[in-house]
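Please read the structure below before turning to the comments.
Just so we're clear, the structure is a prediction, and the values are computed from it rather than from any experiment. Because only heavy atoms are used, hydrogens play no part in the values below, and waters and symmetry mates are left out as well, while side chains stay in.
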Amino acid sequence: MDLKKSDSSEDDNSTSVEIRIIVHVTEEFAQEYQMVQDEYEGNIRSPTAVAIRFLHESQHQSFANLLEECLRKEPPPSPQKEIMKKYDSIDSTSTKGKSMVMFLTDDCILLYPLHTVIKTAQYALFHTDGSEGRISCFLSRLHSGITWCQTKQTVSPPPKHHMHHVCSIPSSAAREDGFLTYERRWGREDWAYPFDLSGGAYIRQDMLTLLDGMESSQYSHPNRFEIHGNAAFASLFLSPKTRIAVPTRPYGLILAINRVQDVCQAPIASTDSSYSGLADPKSLKALLHEKKHLDLDRYRATHFNASHIGALFLEQTTSGSIDASFSLISIGHSSAPLPSVSVLIPVHSGPPSAAEHALLSILMQPMEEYLQHASDTHFNLLLSPMQVVLVDDRCADGSIDAMLAAANILSSTYASLSLVISDHRSSHNKKPGYPGETIVKEEKLAKSMCPAIYIDIVKSPRKGISSALNFGLTYCRSEFVARMDADDIAAPGRIISQLAALKANPSLSVLGMSTNIFRERDGAEHDGGTGDEYICTLPYRERDDRVIDGKQPPSTTSHIIRTSLPPTDTGFAAWSMLFSCTVSHPSVMFRKTCIKAICGYEESIQHAEDYHLWLKLTTQDCQSIRSLPDIGLWHRKHALLRAKSVNKSQKQLEETAAASEQAMLQLFNHANPNPMGHHSSHILAATLRKPDTAHSTSQLDEAANLLLQLEIRFLKKWSASLTECEVELIRLDCSERLGELATVLVHKFGRAAMKGDKGAWGLW
């Protein structure tokens, strides 16, 4: 458990944390408990006011007594199953003076500093905008990538279609997540389990009310407390509009070694062969004596689709190692550091203000990594050196000039930043050699602890985004290439999260991220918004105003239209890709060799080039693409649609439909998937993508039969690759798609259309 503050530079003098650790010490583990107690009570250094106290169960002090002491005593501490926390105030006027309780068990891992977790939890619990139900709890072990309930061995899909992202309090902190929230009625399994001692956070007064409504025997043991607490919590605090909040990224995991499982017979999570095996508590004693530490970086970089993970990762000690990202390669007449990551940005039109915001959101990421680790002289920066490739795709609005001006101002702002700008547009697009035309603080490049960024500007020889991307890709010198559009915004932490995940998962080709789709409006603008939009603060907005040399903030407000939470399981992502593009193109990072192996982007496709590319990958390997649950991109939708944009959207729909149909036909080896029916594969594929466009009952019935055939063939083709969770997610999704076809059938053609066992209604 890391008690230090995260990446916030704010003064937190008002922040206080009281930790109460209830332990049941047996003679066998007495020495180890004392070691832990001595370490925590004697060596805690935290910028927040932290009070730690160990409470020991005994014949005279039961768990129930200690729990009541923690909750009721003033100033109010807070319970945990084994570690108990209270966070009494936060640097926000909206939550100041409010207290909350957070529970943790002895097998929980916090992946981020305690300050980060508690700050988000308290903001969620005391957040209200008057338009939604009360938030009753913050479940820190859940996130949109949790799809499997390990304890019940069943699928547990998140209610993604009913979630929305609430942005955090605007601050100067580098990474402010906010939270996702949904109504409990839409959850199932883990997502409908509101009272959780493994990372659940609650308003303290609610916990006092909860205890008052329970018999002491119902909370005489942690497991009894959780079981009976869930029933009491539901009756006291849950209503149809009550909401649950969860993090936007993984905050916590459960190792699933728990010495209290004798009460409930909860199964221990099984150990996957790819992980280090979990040992029993006795064998873990040796690791404690050897002062071994958990490898939090590896936990963060590894995808777990369940909270209970059954994996033990220990830090590896290395000496004299050199980060591979700092190896040198020869280009032309000079040597240059091989970039750790290349960022590919085609630029056709920004506008300029959006383009400079987009570039700054990328350039600040290695700077933030540096600022976070500046005091550690032995730390090798993961994101440095970074390369940014700007592809001039007939840009005529000044966006590239604005981006370069912003980059130079950023370099002037941060003395430690080394920036090299090479404009190859006037040199017939020769391969980049360093040093380039513009050099800023080149002497810093020799110091690995100083962030270095190379910006290459090239001009695409052919029009169109596919050509621009293929051409720009030849200039990308890293194996890892991140995509961005010139009017979008990368969220803080995006690049480092993707790079770490790809390095930790060598079989993965493409990694997307969750995306906030937003628009900006001024006071006079009326563009037909739905009213279901949420005002937000864009990342780097405040930093923009500081860096861009005194410019006034624009007189606009930003609104989240929706939050896209794509599939985080590879097999399910490949299945979903049959029906629509489920990976946001400007959010991805990919391996360059994997994209080159399939000949890159198809240049005859100009409006669905990404979807076509992803399908080429997933039809060859169903484990090649997935997304992180973290919100990594803010995707801009321009408010005013012109005739040209409408025409582009129509062409995109046509190209998308054609790619989807071809992917479906590949599962049938390009044979007619509907030989006895009246409708073509083109019509049926379109019906599966958008059921409400059907013109007849036979169209819906035949589409339903095609869907079931697709499910059978997909599961058979990839039977050796799919996990149990992925198979169940696919079956559940197929059932939901059948239900949508059946619903449209009845809605458009009446109850008379429900006849027959082999139609959409009967199959559902």
Side-chain angles (χ1 to χ4, degrees), residues 341-365 386-410 419 421-425 453-473 475-476 481-491 494-495 512-513 515-520 538-541 543-544 547-548 551 554 556 558 584-590 601 606-607 609-610 632-642 644-645 648-649 652:
V341 62
S342 297
V343 183
L344 178 57
I345 308 177
V347 188
H348 177 63
S349 61
S353 60
E356 64 185 23
H357 195 169
L359 183 62
L360 284 172
S361 72
I362 290 293
L363 301 186
M364 279 305 302
Q365 308 225 1
M386 171 188 280
Q387 180 195 26
V388 179
V389 178
L390 303 179
V391 185
D392 185 346
D393 183 19
R394 298 162 294 119
C395 178
D397 67 351
S399 289
I400 292 179
D401 291 338
M403 296 168 89
L404 298 181
N408 277 302
I409 293 173
L410 183 72
L419 180 67
I421 300 176
S422 301
D423 192 339
H424 308 279
R425 291 175 293 180
I453 301 174
Y454 299 104
I455 299 179
D456 291 298
I457 309 102
V458 298
K459 185 175 182 62
S460 178
R462 299 175 296 279
K463 61 183 277 187
I465 187 170
S466 297
S467 299
L469 290 171
N470 281 335
F471 186 75
L473 196 58
Y475 278 79
C476 293
V481 179
R483 271 282 289 115
M484 266 282 287
D485 284 343
D487 58 349
D488 294 336
I489 304 165
R494 171 201 160 173
I495 302 297
M513 297 195 82
T515 302
N516 274 333
I517 294 92
F518 77 99
R519 74 174 81 223
E520 290 185 308
L538 298 178
Y540 304 105
R541 170 64 78 195
R543 187 172 284 110
D544 257 356
V547 171
I548 307 302
K551 281 189 179 179
T556 60
S558 302
S584 173
H585 192 193
S587 80
V588 304
M589 182 181 289
F590 54 72
Y601 295 88
Q606 289 298 315
H607 304 286
E609 74 289 340
D610 53 339
L633 185 80
W634 292 69
H635 182 61
R636 189 187 305 268
K637 288 293 184 183
H638 296 281
L640 300 177
L641 293 177
R642 298 176 175 86
K644 184 178 179 181
S645 297
K648 177 183 175 181
S649 296
Q652 185 178 46

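- Between the E356 side chain and the D401 main chain, no donor and acceptor come within less than 3.5 Å of each other.
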What's the verdict on side chain to side chain contact (heavy atoms under 4.5 Å, CB included) for L538 and E520, showing C-alpha distance, side-chain angles and the deciding distance?
CA-CA 10 Å; L538 298 178; E520 290 185 308; 3.4 Å; yes
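- Side chain of D456 to main chain of H424: no donor-acceptor pair is present (N/O by atom type, distance under 3.5 Å, no hydrogens or angles).
- The main-chain N or O of D488 is never found under 3.5 Å from a side-chain atom of R636 such that the two would form a donor-acceptor pair.
- Between the side chain of S460 and the main chain of R462, a donor-acceptor pair closer than 3.5 Å is present.
- Within the 3.5 Å criterion, the main-chain N or O of D393 finds a donor-acceptor partner in the side chain of H348.
- For S342 (side chain) and C476 (main-chain N/O), no donor-acceptor pair under 3.5 Å exists by modelled atom type.
- Between the side chain of Q365 and the backbone N or O of I495 there is at least one donor-acceptor pair closer than 3.5 Å.
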Assess whether side chain to side chain contact (heavy atoms under 4.5 Å, CB included) is satisfied between M364 and L410, documenting all intermediate values.
CA-CA 9 Å; M364 279 305 302; L410 183 72; 3.5 Å; yes
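- A salt bridge links R425 with D392: the closest approach of a Lys/Arg side-chain nitrogen to an acidic carboxylate oxygen falls below 4.0 angstrom.
- For the side chain to side chain contact (heavy atoms under 4.5 Å, CB included) criterion with V391, the lone passing option out of V347, I457, L344, N470 is L344.
- Using bins of under 30°, 30° to 60° and over 60° for the plane-to-plane angle, the ring pair F590/Y601 lands in the perpendicular bin.
- In this structure, the side chain of Q387 engages the main chain of Y475 through a donor-acceptor pair within 3.5 Å.
- The aromatic rings of W634 and F518 lie perpendicular to each other, with more than 60° between the two planes, well past the 30° mark.
- At distances below 3.5 Å, at least one donor-acceptor pair connects side-chain atoms of R494 with backbone N or O atoms of S587.
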